[in-house]
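Written out below as structure tokens is the structure these notes cover.
What you see is a predicted model; the values in this text were computed from it and never measured. Side chains are part of it too, since the values below use all heavy atoms of this structure and drop only hydrogens, waters and symmetry mates. Sequence lines set the chain letters: A, B, ... in the order given, protein chains first and strands last, and positions in each chain run from 1.
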Amino acid sequence: MENCMLQKPRGTRDFLPAEMEQRRAVERTMRETAARWGYGEVCTPTFEEIELFTLRSGEGIIQEMYAFEDKGGRMLSLRPEITASVLRMYVNEGRMLPKPVRWCYYADCFRYERPQKGRYRQFWQFGVELIGADTAAADAEVIMVASDILAGSGVTFDLHVGHLAPMKHLLSGLENGIQRRMMAYLDKRDFEGLRVFCETAGAAGRYDALVALPECRTVEELRDLCGNLPELSRIEDVVGILDAEGLTYTPDFGIARGLDYYTGMVFEAFAENLGAENQICGGGAYRLAYLFGGEDVPSCGFAIGFDRVLVSLGEVAGSRPVVTSVLYTPAARQQAFAVARQFRAADLRAEMNLIDRGIGAQMKHAAKTADFAIVLGERECQTGTVTLRNLHSGEQRECTVDDAIAGVKAFGSC
RNA sequence: GCCGGGGUGGGGUAGUUGGUUAUCCUAGGGGAUUGUGGUUCCCCCGACCCGGGUUCGAAUCUCGGCCCCGGCCCCA
């Protein structure tokens with residue numbers, strides 16, 4: 001019999017109600033936090049023309065996407081991320097909006113990768129994009145929104161804030177491919193690998209400055225290392241805002257953030273309990289809109305790895321709404337439906353017994369699934385009352401439906 | 001794509017020098033109890049990931065595949 005049972009696709013998960021309650025609760029606080037900063041939620045298609053994703057990242061990523069041809073011969077892909085879609089949407093229908101535009105999203109993404117801890121083939125991202133503001137205040141706001149949302153979710157995290165200008169300066173003049181390799185070593189803090197690579201690339205003279213970069217904590221130290229770069233005043237301005245607001249973070253100018261479209265400020269957040277995939281948030285300032293046919297609008301945003309946040313939070317026994325189970329004898333069925341309806345109208349959870357069985361068996365079931373039982377039989381029907389039983393204490397009384405509703409409400413949540 | 005560890009009822013497990021009816025707990029269903037549960041007792045349900053090979057005989061040995069866990073690569 002098990003032979004024919006279908007399995008879920010690799011890297012996907014099923015969520016039972018208890019886990020969904022937790023996921024929805026975290027999701028709700030993230031949305032509410034973003035909303036308080038003025039970010040309105042948007043929704044984009046689950047699949048897009050494949051070009052949207054290859055334009056910025058190259059053809060190479062096709063093998064890591066769920067790409068397919070539809071019946072009209074269009075090359076499409078399930079979205080591997082949301083930022084590209086949001087910027088496409090901005091170019092399509094957001095350009096006439098007053099700037100800056102503040103948008104957020106929560107949606108699932110799909111990547112054909114090898115699953116491991118905190119990495120799935122279907123995973124959820126919560127993200128924010130601030131479009132049309134290229135200022136220190138904009139950089140600082142996005143960082144603070146990320147920090148606010150993460151803190152609100154309850155996760156413990158380290159926030160690293162950096163800027164690409166110092167690193168780019170130290171690598172300037174080198175061939176593009178060599179720069180990328182060096183950035184990768186630096187981003188991974190593989191100093192030994194970087195040293196060897198610098199020597200073989202004939203750039204051993206740059207090693208000392210490069211390894212000093214991740215240690216820089218102040219703009220003064222950056223100035224000593226890189227000279228008086230024009231971007232330093234912007235960095236100074238951003239950290240000034242963050243410090244004045246009392247944000248907890250670590251300045252980190254060793255962040256490389258993978259791809260080229262990041263233009264300035266970059267930041268990342270890391271959490272515990274997550275093994276190799278411990279980054280729960282990444283973002284920065286970028287320019288993408290021009291790729292999709294829009295003007296070259298400056299943007300800034302981040303994405304949170306929602307599933308990783310939940311892995312890091314672990315299993316939390318959140319409070320659960322009180323459940324009332326409605327039990328009845330056959331003759332009282334209609335009355336039971338009516339009582340259950342009144343409970344629901346009062347915003348309480350009521351579950352009807354649906355199986356033909358005696359009160360004893362119904363009570364046995366209710367004891368496992370509910371906090372209160374309503375019993376309806378001949379007596380209650382004749383007097384127009386219900387019997388309300390507290391399944392935790394065993395206390396029981398016969399009263400009106402309104403009294404029963406008031407009694408359950410007074411109990412609070414579990 | 002690569003490396004390592006795994007896969008026994010729904011969940012958790014015992015069992016592998018190859019041997020008869022695969023162990024225990026739990027969950028689920030029913031009963032003792034036809035208007036009062038959680039305890040107890042009894043009963044039922046239900047598994048060796050899939051396929052090939054070796055063998056008289058495979059959960060056990062072997063090969064391949066699938067899936068899970070962790071790591072590498074990658075990480076938009």
Going by salt bridge (charged side-chain N to carboxylate O under 4.0 Å, His left out), name the pairs with one or both residues in residues 11-25 of chain A, residues two or more places apart or in two chains. A:R13-A:D307, A:E21-A:R349, A:R23-A:D307, A:R24-A:E27
Between C1' of B:C75 and OH of A:Y261, the distance in whole Å: 11 Å
With P as the reference atom in both, quote the distance from B:C24 to B:G5 in angstrom, rounded to an integer. 32 Å
Residues at least two apart in sequence or cross-chain that pass side chain to side chain contact (heavy atoms under 4.5 Å, CB included) with A:T324, listed by chain then number, are A:F343, A:F372, A:I374, A:V408
Atom C1', compared across B:A47 and B:U54: separation rounded to whole Å: 25 Å
A:Q63 CD to B:C75 P, in whole Å, measures 12 Å
Among A:R119, A:R114, A:K117, exactly one meets salt bridge (Lys or Arg N to Asp or Glu O under 4.0 Å) together with A:E277. Which residue is that? A:R119
Nucleotide B:C75, atom P - distance to CZ of A:R308 in whole Å: 13 Å
Mind checking whether A:L310 and A:Q22 have side chains closer than 4.5 Å, heavy atoms only? yes
Within the structure shown, what part of the strands sits under 4.0 Å from A:K8 by heavy-atom distance: base, sugar-phosphate, or nothing? nothing
Whole-Å distance between B:A76 P and A:D108 CG? 19 Å
Set out, in order, the CA-CA distance, both residues' side-chain angles and the distance that settles salt bridge (Lys or Arg N to Asp or Glu O under 4.0 Å) for A:R31 and A:E41, then state yes or no. CA-CA 8 Å; A:R31 277 204 182 89; A:E41 183 170 1; 2.4 Å; yes
Please state the P separation for the pair B:U13 and B:C69 - nearest whole angstrom. 15 Å
Those residues of residues 111-127 of chain A lying under 4.0 Å from RNA chain B by at least one heavy atom: A:R111, A:E113, A:R114, A:Q116, A:K117, A:R119
Rounded to the nearest Å, what distance is computed from the CD atom of residue A:Q362 to the P atom of nucleotide B:G29? 13 Å
With nearest nucleotides of RNA chain B determined for A:F53 and A:R357 from heavy-atom distances, which residue corresponds to the more 5′ nucleotide? A:R357
B:U26 and B:G9, which share atom name C1', separated by this distance in whole Å: 12 Å
I'd like to check the side chain to side chain contact (heavy atoms under 4.5 Å, CB included) partners of A:C216; sequence neighbours left out, ordered by chain and number. A:E221, A:L222, A:L225, A:F253
Give the rounded distance in Å between these two atoms: CE of A:M65 and P of B:A76. 14 Å
B:C69 P sits how many Å from A:E277 CD, rounded? 13 Å
Return a table of donor-acceptor pairs under 3.5 angstrom between the side chains of residues 143-157 of chain A and protein atoms on other chains or two or more places apart.
| unit_1 | atom_1 | unit_2 | atom_2 | d |
| --- | --- | --- | --- | --- |
| A:D148 | OD2 | A:W37 | NE1 | 2.8 |
| A:S153 | OG | A:L150 | O | 2.7 |
| A:S153 | OG | A:V155 | N | 3.4 |

Counting only N and O atoms by type, is there a donor-acceptor contact under 3.5 Å from the side chain of A:D187 to the main-chain atoms of A:A256? yes
Give me the distance, rounded to whole Å, that separates B:G1 from B:C61 when you measure between the P atoms they each carry. 27 Å
Note, A:R287 side chain near A:D134 side chain (heavy atom, < 4.5 Å): yes
Looking only at atom C1', what distance separates B:U36 and B:A27, rounded to whole Å? 24 Å
Interatomic distance at C1', B:A22 relative to B:U60, whole Å: 12 Å
In whole angstroms, how far is the C1' atom of B:A76 from the CG atom of A:L291? 13 Å
Donor-acceptor pair, A:Q122 side chain versus A:T12 backbone, under 3.5 Å? no
Within the 4.0 Å heavy-atom criterion, would you say A:G283 contacts the bases, only the backbone, or no part of the nucleic acid? nothing
Let me have a per-nucleotide readout for nucleotides 33-42 of chain B, 5' to 3', with B, S or -, counting only protein heavy atoms under 4.0 Å. --BBBB----
Need the pair for B:C67. Rule: Watson-Crick or G-U wobble, both distances under 3.5 Å, any strand; none if unpaired. B:G6
Between B:C45 and B:C2, how far is it from one P atom to the other, in whole Å? 45 Å
Contact class for A:Q279 vs. all strands (heavy atom < 4.0 Å): base, sugar-phosphate, or nothing? nothing
